S.K.: 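Please read through the structure below; I'll follow up with questions.
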Amino acid sequence: MSKPEAEDSKLTGQVAIVTGGGRGIGRVIAQTLSRAGAKLAVTARSRDQLDETVHLIQQQGGQAISFALDVTDQLAVEQMVSETARQLGPVDLLVNNAGIAGEEGPVWEVTAADWWQVLEVNLRGPFLCARAVLPGMVARQRGRIINIASNAGIRPSAGYSGYSVSKAALLRLTDCLAEMTMTHGISVFAISPGLVRTAMTQDMPAWKDVPDSDWVPVERASELCMFLATGKADRLSGRYLHVLDDITELVQRADEILANDLYALRLRK
Ligand code: NDP
């Protein structure tokens with residue numbers, strides 16, 4: 001299986017926003033996009049972690065700004081997008097990566113507020129960010145959005161139902177956004193990074209005894225984002241792609257995938 005190549009196409013001059021860029025998968029995606037020449041805006045709530053991401057990007061010769069905000073705060077998101085455009089230029093790429101898992105347990109044991117907060121962060125957050133960047137993308141007839149989803153969105157999870165519901169809804173939001181932007185030169189993707197060792201998974205009892213071989217290197221997610229950011233997979237807009245898929249092969253199979261409506265959340269009978 002061939003891996004997507006990270007360095008074969010440059011993003012020089014492009015502006016990218018990565019939410020949840022303070023640590024984990026988002027930080028590595030931001031660093032990778034920066035290495036390819038993109039100017040970065042990273043967001044998260046923790047100021048110290050954002051500062052560290054900006055520092056790492058600057059150390060590698062890149063340009064980055066950061067915004068400490070809660071992705072569920074509509075006004076803060078809108079201000080972040082307009083300030084990014086003012087400081088760096090029009091936004092070419094949005095990576096909706098910020099996410100939380102929530103408490104583990106059956107619905108009758110988790111708190112209602114926690115369950116709903118997962119939906120707020122994992123679904124309303126990406127919706128608000130997309131809603132804020134899309135007017136500019138539609139006006140310029142170009143842009144890409146990558147939503148970081150999960151296989152939890154295509155299979156039920158007894159332990160993390162809020163997370164599973166939020167990621168399923170994110171797949172559908174991806175679908176809807178792709179449909180409504182297809183005539184505007186905009187592509188929207190959902191991807192799964194696989195199981196990656198991060199602060200999030202470290203805190204999830206479900207992954208406590210997972211063997212080393214099941215963990216996926218974080219670079220697979222950033223390589224796939226790079227590939228999608230270059231536009232090579234635009235025909236697959238709206239689809240759900242896993243980092244362990246062979247993206248080059250999927251692009252070659254685009255006709256078949258579109259004709260049979262594959263790699264999307266559908267009811268099969
Ligand atoms: P981390 O917990 O390491 O990072 C999550 C990032 O999101 C942090 O920067 C965090 O910063 C930010 N964030 C969380 N809540 C908010 C909020 N309300 N507003 C703004 N920013 C927020 O997790 P991962 O890197 O593992 O996860 C990144 C994405 O990948 C998530 O969407 C997750 O669901 C998805 N994913 C991860 C998998 C894995 O195995 N790790 C598997 C499948 C999907 P702060 O807390 O400072 O706000």
Side-chain angles (χ1 to χ4, degrees), residues 17-32 40-54 56 64 66-77 79-81 94-102 104 113-114 116-129 132 145-155 157 159-171 173-174 189-208 210 212 214-222 224-225 240-244:
I17 294 173
V18 179
T19 71
R23 61 173 186 261
I25 296 168
R27 173 180 283 175
V28 176
I29 292 172
Q31 287 180 285
T32 303
L40 264 297
V42 287
T43 78
R45 290 165 304 174
S46 309
R47 166 50 57 203
D48 55 332
Q49 295 181 2
L50 287 173
D51 288 346
E52 179 65 16
T53 300
V54 169
L56 289 167
S66 66
F67 299 88
L69 57 77
D70 190 316
V71 81
T72 66
D73 179 340
Q74 181 175 356
L75 186 60
V77 165
Q79 286 172 344
M80 175 274 290
V81 170
L94 165 66
V95 183
N96 275 318
N97 164 80
I100 56 172
E104 180 174 322
D114 182 88
W116 194 249
Q117 181 62 14
V118 176
L119 272 288
E120 290 275 342
V121 177
N122 296 2
L123 178 61
R124 187 161 180 270
F127 159 76
L128 290 176
C129 292
I145 297 175
I146 302 172
N147 294 321
I148 309 298
S150 165
N151 266 2
I154 54 168
R155 285 196 297 255
S157 166
Y160 294 93
S161 59
Y163 186 73
S164 185
V165 168
S166 73
K167 294 298 186 180
L170 186 58
L171 295 184
L173 177 63
T174 303
F189 306 92
I191 74 160
S192 170
L195 185 60
V196 182
R197 281 190 211 276
T198 62
M200 187 181 89
T201 45
Q202 191 179 306
D203 291 342
M204 294 168 80
W207 306 125
K208 197 164 53 69
V210 168
D212 282 352
D214 285 3
W215 294 95
V216 177
V218 65
E219 290 75 19
R220 296 302 293 267
S222 56
L224 180 55
C225 285
Y240 169 57
L241 310 166
H242 196 286
V243 294
L244 298 181

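Both counts, for ligands and for their atoms, begin at 1 and track the order of listing. Values in this document were obtained by computation on a predicted structure and should not be read as measured data.
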S.K.: So, taking the atom named CE in Met80 and the one named CG in Leu75, what distance separates them when rounded to the nearest 0.5 Å?
M.R.: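 If we round to the nearest 0.5 Å, Met80:CE and Leu75:CG are 11.5 Å apart.
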S.K.: Identify, chain by chain and in numerical order, each protein residue with a heavy atom under 4.0 Å from an atom of ligand 1.
M.R.: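 Contacting ligand 1 under 4.0 Å are Gly20, Gly22, Arg23, Gly24, Ile25, Ala44, Arg45, Ser46, Leu69, Asp70, Val71, Asn97, Ala98, Gly99, Ile100, Val121, Ile148, Ala149, Ser150, Tyr163, Lys167, Pro193, Gly194, Leu195, Val196, Thr198, Ala199, Met200, Thr201.
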S.K.: How long is the gap from CE on Met204 to CG on Leu195, to the nearest 0.5 Å?
M.R.: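 Those atoms lie 8.5 Å apart.
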S.K.: For Asn147 and Tyr240, does a side-chain donor sit closer than 3.5 Å to a side-chain acceptor?
M.R.: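 The answer is no; no qualifying pair exists.
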S.K.: So how far is it from Leu241 CG to Thr174 OG1, rounded to the nearest 0.5 Å?
M.R.: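 Answer for the CG-OG1 pair, Leu241 versus Thr174, is 10.0 Å.
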S.K.: Mark yes or no for whether Ser166, through its side chain, and Asn122, through its backbone, hold a donor-acceptor pair below 3.5 Å.
M.R.: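 Not a single qualifying donor-acceptor pair exists.
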S.K.: So do the side chains of Leu244 and Arg220 get within less than 4.5 Å of each other, counting heavy atoms only?
M.R.: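 Counting from C-beta outward, Leu244 and Arg220 do come under 4.5 Å.
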